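In what follows, a single structure is set out as structure tokens and then discussed.
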There are 2 protein chains.
Amino acid sequence: MGGESPPRRIRADAERSTARILEAAEAVFAEDPAASLERIADAAGLARVTVHRRFASRTALLDALAEQLSQRYLLGLAEARVETAPPLVALHRLTEIVFDLKLGHRFAVQLSAALTPAVVDGLDLLFARLRDAGAITAADPAWCRQVYLALLHEVYDLPAGSPTLTSAGAGDEVEAKVNLLVRTAVGALGGSSDTTGVALDR
Amino acid sequence: MGGESPPRRIRADAERSTARILEAAEAVFAEDPAASLERIADAAGLARVTVHRRFASRTALLDALAEQLSQRYLLGLAEARVETAPPLVALHRLTEIVFDLKLGHRFAVQLSAALTPAVVDGLDLLFARLRDAGAITAADPAWCRQVYLALLHEVYDLPAGSPTLTSAGAGDEVEAKVNLLVRTAVGALGGSSDTTGVALDR
DNA sequence: CAGACCTGATACGGCACTGTTTCACTTACG
DNA sequence: CGTAAGTGAAACAGTGCCGTATCAGGTCTG
């Protein structure tokens with residue numbers, strides 16, 4: 001049954017369209033998960049018909065988005081050296097990376113499909129190592145994941161001039177958010193703030 | 001300008017219907033905020049037309065739901081003696097009360113309309129007192145609120161047999177959840193787990 | 001350059017949901 | 001008990017969105 005891929009060349013043009021659509025979808029869905037495809041098409045500067053050409057159905061678009069998201073998470077986990085670096089450092093770095101992705105996390109969290117088994121495994125490993133290192137006391141990896149992601153979500157859309165944020169030090173706003181998130185997550189998972197300070201104050 | 005309320009007697013029958021609709025809406029919207037009014041009508045054992053008779057529009061129903069929710073929060077804050085009781089005890093008690101309400105928090109949190117200024121004030125007061133008592137270090141009340149509500153949400157739909165939950169002690173499942181939430185929230189907001197232990201272990 | 005590919009515009013059918021109306025019937029309440 | 005109110009069933013118009021099709025014109029790519 002060899003359904004050879006027909007001589008269908010995917011023009012570079014079209015591929016740019018898909019990219020623009022995914023980008024727009026990420027932004028639009030972030031603030032309204034029920035947004036219509038037309039709104040996304042507008043945001044992408046394309047016609048609604050084109051969206052339907054690149055993605056057979058709405059769910060196909062959603063799936064592609066989840067896929068892309070999952071890939072980024074995986075890449076982030078790799079870049080953060082979750083397996084080898086000192087766990088607190090890895091946590092800090094991972095958070096940094098995720099923030100840089102500027103993902104619409106309200107969407108991402110809601111779309112649990114982005115949490116591929118591979119991604120979950122990566123996070124679980126990170127938290128297991130954190131616990132072994134004594135940075136946190138919570139044992140249940142699922143719980144750690146939930147808490148981390150929830151707090152990530154909250155920190156992400158924290159207003160820029162928030163007192164909490166400015167008091168978090170670090171001139172860079174993103175860096176302040178990262179510090180806040182790491183400190184809060186570790187605290188939530190039963191870590192002693194001492195350990196945090198030792199490893200991260202600098 | 002006296003628009004006297006016309007001799008429109010609201011029959012007890014009808015009032016029961018509104019109650020059933022609100023109840024059903026709470027349950028249905030909890031797991032699908034975009035659910036149709038027909039689904040709610042079914043859940044309430046009524047016809048869709050009746051829903052439209054009791055609530056002029058979909059948003060009217062949403063508003064009524066938010067109103068009801070806000071009332072419950074206010075009542076909870078009062079019952080927890082947020083203003084007078086030792087803050088950690090108040091936090092514990094408030095959490096207990098909110099859980100007992102069995103609210104669909106996925107819905108409630110999403111519907112920020114339920115956070116009336118009055119409710120916000122109550123929560124702010126609670127966290128201010130917690131800080132003054134040294135139970136937490138976070139100063140920004142908005143941040144405290146966000147974190148508390150986010151964690152409340154997470155704990156709420158934690159599977160019954162979760163290792164985190166069973167390890168939280170307390171034979172009663174609800175009590176275990178309450179303990180977990182208080183401990184996690186206090187930790188997240190920079191409280192020393194020592195203080196928590198002193199005030200709550202028992 | 002030439003053919004294959006991509007796009008926008010326009011239009012259509014279909015679906016699900018909202019909100020309204022009418023009518024016959026049941027139920028509460030004075 | 002009798003009237004006013006509430007309800008269910010059925011049907012209607014209106015809307016928004018999805019998915020498809022067609023066609024003319026623009027754009028790559030070999």
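Bear in mind the structure is a predicted one, so any value in this text is a computation, not a measurement. Just so we're on the same page: letters track the sequence lines, and every chain starts at 1.
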Can you measure [X] atom [atom1] to [N] atom [atom2] for me and round it to whole angstrom units?
| X | N | atom1 | atom2 | value |
| --- | --- | --- | --- | --- |
| A:His52 | C:dG13 | NE2 | C1' | 14 Å |
| A:Phe55 | D:dT20 | CZ | P | 15 Å |
| A:Leu61 | D:dC17 | CG | P | 15 Å |
| B:Leu46 | D:dG8 | CG | C1' | 10 Å |
| A:Asp32 | D:dC17 | CG | C1' | 13 Å |
| B:Arg58 | D:dT15 | CZ | C1' | 15 Å |
| A:Arg54 | C:dC5 | CZ | P | 12 Å |
| A:Leu37 | C:dG8 | CG | P | 15 Å |

Worksheet item: When you check the phosphate oxygens OP1 and OP2 of C:dT7, does a side-chain N or O of A:Thr50 lie under 4.0 Å from one of them?
Response: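 Checking C:dT7 against A:Thr50, no side-chain N or O comes under 4.0 Å of OP1 or OP2.
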Worksheet item: At under 4.0 Å, does any side-chain N or O of B:Ser17 touch on OP1 or OP2 of D:dT7?
Response: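 Result: yes.
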Worksheet item: Less than 4.0 Å between a side-chain N and a carboxylate O, is that true for A:Arg48 and A:Asp42?
Response: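 So A:Asp42 does not pair with A:Arg48 through a salt bridge.
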Discussion item. Taking B:Arg16 first and then B:Glu23, would you say they form a salt bridge - that is, a charged N and a carboxylate O separated by under 4.0 Å?
Written reply: no
Fill in: Most 5' of B:Glu15 and B:Arg48 on DNA chain D, judged by nearest nucleotide
B:Glu15
Response to the item:
Value for CD (B:Glu26) from CD1 (B:Ile40), rounded to nearest 0.5 Å, stands at 11.0 Å
Worksheet item: Does a side-chain heavy-atom distance below 4.5 Å link B:Ile97 with B:Leu77?
Response: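 The answer is no, as the side chains (C-beta and beyond) never meet within the 4.5 Å cut-off.
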Extract from the structure each pairing of a protein N or O with an N or O of nucleotides 24-30 of chain D at less than 3.5 Å, listing the distance.
from   : atom 1 : to      : atom 2 : distance (Å)
D:dT27 : O2     : A:Arg11 : NH1    : 2.7
D:dT27 : O2     : A:Arg11 : NH2    : 3.1
D:dT29 : OP1    : A:Ala12 : N      : 2.8

Counting only pairs under 3.5 Å, give me each side-chain donor-acceptor contact of residues 141-152 of chain B, with atom names and distances, residues two or more places apart or in other chains.
from     : atom 1 : to       : atom 2 : distance (Å)
B:Arg145 : NE     : B:Asp124 : OD1    : 3.1
B:Gln146 : NE2    : A:Glu154 : OE1    : 2.8
B:Tyr148 : OH     : B:Thr95  : OG1    : 2.8

Worksheet item: More than 12 non-hydrogen atoms from neighbouring residues, nucleotides or ligands closer than 6.0 Å to CD on A:Gln71, yes or no?
Response: yes
Discussion item. Suppose we call a contact any N or O donor and acceptor under 3.5 Å apart; does that hold for the side chain of A:Arg53 and the base of D:dG19?
Written reply: no
Discussion item. Under the criterion side-chain contact (heavy atoms from CB on, under 4.5 Å), I'd like the reasoning laid out for B:Leu181 against B:Phe99: C-alpha separation, chi angles, the key distance, then a yes or no.
Written reply: CA-CA 11 Å; B:Leu181 178 48; B:Phe99 271 126; 4.0 Å; yes
Worksheet item: For the side chain of A:Val49, counting heavy atoms from C-beta on, which of C:dA9, D:dT7, D:dG19 is nearest?
Response: C:dA9
